Peer 1: 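Here you go, one structure.
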Amino acid sequence: MVNKIATLIVVGVLSLAGLILFGYNEFITKDTLQDQPVAYEIINEWQLPKELDEVSGIDWVGDNKLACIQDEDGIIFIFNLETSKVEKSIEFAGAGDYEDIRIVGKTAYVLRSDGEIFEVSDFLSGNSKTKTYSNFLTEKQNLESLAWDKNNKRLLLAIKDRELKDDNYKGVYQFSLTNKELERNPLYRLNMQDSLLRERETKLNKKLQPSALSIHPKNKDFYILDGRAPQLVIANSDMKLKKRYALHEDDFEQAEGLTFSENGRLFISNEGKGGKANILEVIFK
């Protein structure tokens, strides 16, 4: 009996030491992630119309409006936050798996899941023109996130599923807005073995699956949305992970899009997934 009690004490001490050494996240699974305290506040919600049930990407246009895409049709929808209505639709291509959008001046850039980038110039003019740019990425990488790095005149693409060579990281690749080419070597590497991402019984390539990527307009941190978990991970300007938030499924059934206004308002979009798609304005504590 004494030996049994001693054994239980030793196991308890070792477990506590593991928690201290590796952090609580070492033992987090998808289910236990949902049990963590809410560390955000939803301050506004907009229900989206039926044509945006599959909303997959959003970006700030200005004047309280968002550009939205969905992952079936090549159409940009301009959604007015004041009227809660789509006020304009711009067709730029045929059917396809379109996953994210970024607005650069008068041009919209749309990312397809196979890495193809669509450049829609003068997209609000009623006389838009579309060019496409292919690269070495494929459907196996399953790209869903596109960020605009304004200071360096480039777009950033983060791999969601499988990296080209190594599951220990997921590359963030840069597409130059000057020469319209994608650099073959990743600009940043999201470390799948980072202590913030330690999860029991989880494959490396599933620890973080970016569904959206955006740069905070003021502090330049990277905000990485993962709709699968769901979770939000914040990284510094060198792509070093520094904070992780659990997003509860009651609020974020399928979080696919993320963007900021110029003054730092944060918006996240959710696909319908059996209910109604929406856009949420969120404050993280």
Side-chain angles (χ1 to χ4, degrees), residues 23-60 64 66 68-72 77 79-86 99-101 142 144-145 158 160-161 196-203 205-214 216 221-235 241-261 264-285:
Y24 181 70
N25 282 332
E26 171 71 16
F27 302 93
I28 290 176
T29 63
K30 180 179 179 180
D31 291 333
T32 57
L33 191 66
Q34 295 301 303
D35 295 332
Q36 294 185 43
V38 172
Y40 58 84
E41 179 183 359
I42 297 172
I43 61 173
N44 282 306
E45 178 178 356
W46 295 267
Q47 296 293 324
L48 293 176
K50 186 174 179 59
E51 59 260 45
L52 281 170
D53 273 352
E54 301 293 324
V55 61
S56 54
I58 59 174
D59 200 19
W60 182 257
N64 231 21
L66 296 176
C68 310
I69 57 166
Q70 44 102 318
D71 61 10
E72 294 180 350
F77 300 88
F79 184 76
N80 190 317
L81 297 175
E82 293 181 357
T83 63
S84 297
K85 293 182 180 179
V86 171
E99 293 293 349
D100 212 350
I101 181 170
N142 191 15
E144 291 192 357
S145 52
K160 179 184 178 184
D161 285 350
L196 274 182
L197 302 178
R198 284 186 175 132
E199 294 181 5
R200 188 174 56 188
E201 300 175 356
T202 300
K203 294 181 180 179
N205 71 310
K206 292 187 177 180
K207 287 191 173 184
L208 180 62
Q209 295 183 284
S211 58
L213 174 69
S214 191
H216 194 287
D221 282 345
F222 289 99
Y223 279 59
I224 307 162
L225 183 65
D226 181 347
R228 176 194 61 88
Q231 60 184 330
L232 177 76
V233 176
I234 300 177
L241 307 187
K242 65 180 193 178
K243 199 155 189 178
R244 180 191 198 192
Y245 291 93
L247 302 178
H248 286 246
E249 289 181 340
D250 289 344
D251 299 321
F252 300 91
E253 288 191 2
Q254 191 164 340
E256 295 285 341
L258 184 151
T259 190
F260 292 98
S261 67
R265 295 169 67 193
L266 188 157
F267 301 90
I268 294 176
S269 62
N270 289 282
E271 289 190 14
K273 198 181 178 181
K276 279 195 172 183
N278 63 24
I279 293 173
L280 305 176
E281 184 175 359
V282 188
I283 296 175
F284 286 89
K285 302 173 184 177

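One is the number of the first residue; the rest follow in order along the sequence. Here the structure is a predicted model, which is why all the values come from computation and not from measurement.
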Peer 1: Over all heavy atoms of both residues, which pair between G227 and P230 is shortest? Give the atoms and the distance, please.
Peer 2: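 Here G227 and P230 meet closest at O-CB, 3.8 Å.
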Peer 1: If we only count heavy atoms from C-beta on, is the S84 to Q47 side-chain gap below 4.5 Å?
Peer 2: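 S84 does not reach Q47 side chain to side chain.
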Peer 1: Which atom names give the shortest non-hydrogen contact between P210 and L208, and what distance separates them?
Peer 2: CD-O, 3.4 Å
Peer 1: Measure the CG-OG distance between N278 and S269 for me, rounded to the nearest 0.5 Å.
Peer 2: 8.0 Å
Peer 1: Between I283, L247, L232, L266, which is the residue that forms a side-chain contact (heavy atoms from CB on, under 4.5 Å) with Y40?
Peer 2: L247
Peer 1: More than 12 heavy atoms of other residues, nucleotides or ligands under 6.0 Å from NZ of K285: is that the case?
Peer 2: yes
Peer 1: Any salt bridge between K276 and D53, counting N to O under 4.0 Å?
Peer 2: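 No, no charged N to carboxylate O under 4.0 Å.
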Peer 1: Taking side chain as C-beta onward, heavy atoms only, is V282 less than 4.5 Å from F252?
Peer 2: yes
Peer 1: Within the structure provided, determine whether K242 and D221 are in side-chain contact (heavy-atom separation under 4.5 Å).
Peer 2: yes
Peer 1: Any Lys/Arg nitrogen of R265 or E281 sitting under 4.0 Å from an Asp/Glu carboxylate oxygen of the other?
Peer 2: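 Judged by the 4.0 Å cut-off on N to carboxylate O distance, R265 and E281 do form a salt bridge.
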Peer 1: How many angstroms lie between NZ in K160 and CD in E144, if you round to the nearest 0.5 Å?
Peer 2: 3.5 Å
Peer 1: In sequence, state the C-alpha distance, the side-chain angles, and the governing distance for Y245 and Y223, and then conclude on ring-ring contact (aromatic ring centres under 6.0 Å, His included).
Peer 2: CA-CA 11 Å; Y245 291 93; Y223 279 59; 8.2 Å; no
Peer 1: Measuring only between side-chain heavy atoms, which start at C-beta, is S56 closer than 4.5 Å to E271?
Peer 2: yes
Peer 1: Starting from the C-alpha separation in whole Å, work towards a yes-or-no answer on side chain to side chain contact (heavy atoms under 4.5 Å, CB included) for I69 and F77.
Peer 2: CA-CA 6 Å; I69 57 166; F77 300 88; 5.9 Å; no
Peer 1: Quick one: CG on N270 to CD1 on I279, what's the gap to the nearest 0.5 Å?
Peer 2: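 Answer rounded to 0.5 Å: 9.5 Å.
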Peer 1: When you compare the side chains of Q70 and E54, does any donor N or O come within less than 3.5 Å of an acceptor on the partner?
Peer 2: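 The answer is no; no qualifying pair exists.
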Peer 1: Just how far is it from atom NE2 of H248 to atom CD of E253, taken to the nearest 0.5 Å?
Peer 2: 14.0 Å
Peer 1: How close do V55 and L48 get, heavy atom to heavy atom, and via which atoms?
Peer 2: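 Between these two residues, the closest heavy atoms are CG1-CD1, 3.8 Å.
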Peer 1: With a 4.5 Å limit on heavy-atom distance, are the side chains of L225 and L213 in contact?
Peer 2: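 Side chain of L225 against side chain of L213, heavy atoms only: no contact under 4.5 Å found.
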Peer 1: Could you check if a side-chain atom of F79 sits within less than 4.5 angstrom of a side-chain atom of P49, using non-hydrogen atoms only?
Peer 2: yes
Peer 1: So L81 and W46, side chain to side chain contact (heavy atoms under 4.5 Å, CB included) or not? Walk me through it.
Peer 2: CA-CA 7 Å; L81 297 175; W46 295 267; 3.7 Å; yes
Peer 1: A side-chain contact here means heavy atoms from C-beta on lying under 4.5 Å apart; do V233 and R244 qualify?
Peer 2: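 V233 reaches R244 side chain to side chain.
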Peer 1: Would you check if there is a donor-acceptor pair between the side chains of T259 and D59 at a distance under 3.5 Å?
Peer 2: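 Yes, a side-chain donor-acceptor pair sits under 3.5 Å.
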Peer 1: Any donor and acceptor pair, going by atom type alone, linking the side chain of S145 with main-chain N or O of S211 inside 3.5 Å?
Peer 2: no
Peer 1: Are the aromatic ring centres of F267 and F260 under 6.0 angstrom apart?
Peer 2: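 Ring centres of F260 and F267 not closer than 6.0 Å.
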Peer 1: For the atom pair CG (L197) and CD (Q231), what is the distance rounded to the nearest 0.5 Å?
Peer 2: 6.5 Å
Peer 1: So do D161 and Q209 actually touch side chain to side chain, heavy atoms under 4.5 Å?
Peer 2: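 Yes; the side chains approach each other to less than 4.5 Å.
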Peer 1: Let me confirm one number: the CG-CD1 distance from L241 to I224, rounded to the nearest 0.5 Å.
Peer 2: 6.0 Å
